[in-house]
Amino acid sequence: MSPRSASVNEELRRRSRERLLQAAVELVSEHGYDATTLGDIADRAGSARGLVSYYFPGKRQLVQSAVHRLMHRTLEEALEREPRTEDGRERMARAIDAILGLARDRPVLMRQHMAGILQAEGFVQCPEQRRLAELLREVCVGHGSADPDTDYPMLRALLMGAVYAALVPGVPMPVPVLRAELFKRYRLDREQGVPPDAEAVSGGTCDMDLSRFFATGSPPDCSEGRPDPSAQSK
């Protein structure tokens, strides 16, 4: 049998990594960070346990990458939903609501994410984080920023601070209050984005099916060559 092509191998590796990211988000959301092991994540992803360390230095890096992917795709979905718009103020409102919505809808996951950033490993630079950063920077540019290299880090800091404030144990701030402050800073109208009363009418925005955020569909044809390493027995 002829070996698989380089493009097929690359696609298999990408999908294996995506399955691990999705499994990490699901398990930390369900059980918390400490109760989730790398073995659990590999098992949920249907991957060989040794494959986790091939893609990620450790559990903290894997979880941060997974949350950054979820944040990026949630933000992307919010910006692209109908009616599509290029209005900078509306897109800023959607961005704020998307990130605050994650704090509201996935508190366990986002609390663990914030805790990880504050620990020794710090802020993980990864492909998922870079894509999130690029999209938030574009939001700043669309909002009229003359200096996005300064305004993007400020937006990031404000959003991270708002998520932290919404999730701090014992004294959480209500998401609508945090939203109002951010909207005031960026001169946005309350009716822009996804107003809290619209969420209440629709029954909330939390969706337990995360598959649309992770490209883990059917792999390419692997009938020739060696088997996919991610499918090896554990």
Side-chain angles (χ1 to χ4, degrees), residues 25 28-29 64 66-118 123 128-129 131-148 150-208 210 212-213:
V25 166
V28 173
S29 296
Q64 279 204 40
V67 177
H68 283 139
R69 163 57 61 84
L70 179 61
M71 293 173 71
H72 167 250
R73 293 300 304 277
T74 299
L75 177 58
E76 186 177 59
E77 186 176 85
L79 294 174
E80 293 181 355
R81 75 166 186 267
E82 298 295 339
R84 297 286 295 274
T85 180
E86 295 302 321
D87 179 79
R89 295 175 72 243
E90 171 64 21
R91 290 175 67 82
M92 177 64 78
R94 292 185 184 189
I96 292 170
D97 283 338
I99 302 304
L100 290 180
L102 285 172
R104 179 194 63 237
D105 297 335
R106 304 188 185 278
V108 173
L109 180 68
M110 296 304 291
R111 188 178 292 117
Q112 297 295 336
H113 177 62
M114 297 302 296
I117 290 174
L118 294 172
F123 194 73
E128 288 73 26
Q129 186 275 328
R131 284 191 284 268
L132 173 63
E134 290 167 3
L135 196 52
L136 281 173
R137 192 178 187 279
E138 289 174 10
V139 169
C140 288
V141 172
H143 190 253
S145 171
D147 185 7
T150 297
D151 293 337
Y152 155 66
M154 178 58 69
L155 175 61
R156 181 184 64 195
L158 290 169
L159 290 172
M160 290 175 65
V163 169
Y164 177 84
L167 298 175
V168 63
V171 287
M173 290 189 67
V175 167
V177 173
L178 295 165
R179 180 185 194 265
E181 285 298 312
L182 288 170
F183 271 43
K184 180 179 179 181
R185 176 182 179 88
Y186 288 101
R187 297 182 175 85
L188 307 175
D189 298 330
R190 183 185 184 282
E191 293 73 20
Q192 293 179 303
V194 183
D197 51 354
E199 294 166 4
V201 170
S202 65
T205 58
C206 187
D207 183 354
M208 297 309 294
L210 298 172
R212 70 184 187 281
F213 295 128

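Two residues are said to be in side-chain contact when any heavy atoms from C-beta on lie closer than 4.5 Å; Arg137 and Ser145 fail this criterion.
Counting all heavy atoms, side chain and backbone alike, Leu70 lies closest to Thr74 at O-OG1, 2.7 Å. When all heavy atoms of Leu100 and Val175 are compared, the pair lying nearest together is CB-CG1, 4.0 Å. The shortest non-hydrogen separation linking Leu178 to Ala162 is CD1-O, 3.3 Å. Contact record, Leu158 with Tyr186: CD1-OH, 3.5 Å, taken as the closest heavy-atom pair. Shortest non-hydrogen contact noted between Ala95 and Leu79 is N-CD2, 4.5 Å. The heavy-atom pair separating Ala78 from Ala98 by the smallest distance is CB-CB, 3.9 Å.
For the atom pair CG of Asp151 and SG of Cys140, the computed distance is 6.0 Å after rounding to the nearest 0.5 Å. In this structure, Glu80 CD and Arg94 CZ are separated by 10.0 Å, a value rounded to the nearest 0.5 Å. Here the CD atom belonging to Glu90 is positioned 11.0 Å from the NE2 atom belonging to His143, to the nearest 0.5 angstrom. A distance of 9.5 Å separates CD in Glu76 from CZ in Arg131, rounded to the nearest 0.5 Å. For the atom pair Arg89 CZ and Phe183 CZ, the distance stands at 9.5 Å (nearest 0.5 Å). Interatomic distance, Asp97 CG to Arg104 CZ, rounded to the nearest 0.5 Å: 8.0 Å.
Applying the salt bridge (Lys or Arg N to Asp or Glu O under 4.0 Å) criterion to Arg111, with sequence neighbours excluded, gives no partner residue.
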**Request:** Check the pair Arg81 / Glu77 against side chain to side chain contact (heavy atoms under 4.5 Å, CB included), numbers first and verdict last.
**Result:** CA-CA 6 Å; Arg81 75 166 186 267; Glu77 186 176 85; 5.7 Å; no
**Item:** Candidate pair Leu132 and Leu75, rule side chain to side chain contact (heavy atoms under 4.5 Å, CB included), full reasoning
**Value:** CA-CA 8 Å; Leu132 173 63; Leu75 177 58; 4.0 Å; yes
**Request:** Would you sort out whether Leu188 and Leu182 count as a side chain to side chain contact (heavy atoms under 4.5 Å, CB included), showing the intermediate values?
**Result:** CA-CA 8 Å; Leu188 307 175; Leu182 288 170; over 6 Å; no
**Asked** Would Met71 and Met110 satisfy side chain to side chain contact (heavy atoms under 4.5 Å, CB included), going step by step from the backbone distance to the final call?
**Response** CA-CA 10 Å; Met71 293 173 71; Met110 296 304 291; 4.1 Å; yes
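A distance-only check finds a donor-acceptor pair linking the side chain of Arg179 to the backbone of Arg190 [under 3.5 Å]. Judged by distance alone, the side chain of His72 and the main-chain N or O of His68 form no donor-acceptor pair under 3.5 Å. Of the possible donor and acceptor atoms, none in the side chain of Arg106 sits under 3.5 Å from a partner among the backbone N and O of Val25. For Arg91 (side chain) and Thr85 (main-chain N/O), a donor-acceptor pair under 3.5 Å exists by modelled atom type.
Crowding of Met173 atom CE: a count of heavy atoms from other residues, nucleotides or ligands under 6.0 Å exceeding 12.
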